[in-house]
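To start, the structure under review is shown below, and the notes come after it.
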Amino acid sequence: MHPMYLPEVEAFPATGARSEMFDRLRAAGLPIPQIQHLFAFKPERTEFLALFTQQVMRGPSPLSPGQRELIAAFTSRRNDCPF
């Protein structure tokens, strides 16, 4: 994955559960999604976005979570967005 435009955001140390998630991803040799670096950088400002996204993707819906993920992946690809 390409580095972020804001290296201080990507280098900012995560805390709590997000830090544990970062550790697991690194141990597995997987990249940390860049949006997660932003959430770790300003958690008090991004927690609502994370909760909203979780509800949109996993909350009640006529579409399954897999269908919603597929729509999100298709949209991201069309926008040349890596996530």
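Bear in mind that the values here come from a model prediction, so they are computed numbers and not experimental data.
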Rounded to the nearest 0.5 angstrom, the CZ-CD distance for Phe41 and Glu8 is 6.0 Å

Apply salt bridge (charged side-chain N to carboxylate O under 4.0 Å, His left out) to Glu20 and list each qualifying residue two or more places apart in sequence or on a separate chain. none

Where is the tightest heavy-atom contact between Arg68 and Gly59, given as atom of each residue plus distance? NH1-O, 2.9 Å

Shortest non-hydrogen contact from Pro33 to Leu25? CD-CD1, 4.0 Å

Applying side-chain contact (heavy atoms from CB on, under 4.5 Å), name anything that partners Phe22, two or more places apart in sequence or on another chain. Ala14, Arg18, Arg26, Ile32, Gln36, His37, Ala40

Output all residues satisfying salt bridge (charged side-chain N to carboxylate O under 4.0 Å, His left out) with Arg58, sequence neighbours left out; order by chain, then residue number. Glu69

Side-chain atoms of residues 44-55: list all donor-acceptor pairs with protein atoms under 3.5 Å, sequence neighbours left out, distances to 0.1 Å.
{"unit_1": "Thr46", "atom_1": "OG1", "unit_2": "Phe39", "atom_2": "O", "d": "3.3"}
{"unit_1": "Thr46", "atom_1": "OG1", "unit_2": "Lys42", "atom_2": "O", "d": "3.0"}
{"unit_1": "Thr53", "atom_1": "OG1", "unit_2": "Leu49", "atom_2": "O", "d": "2.8"}

Leu63: which other cluster members, linking ILVMFWY side chains closer than 4.5 Å, directly or transitively? Ile71

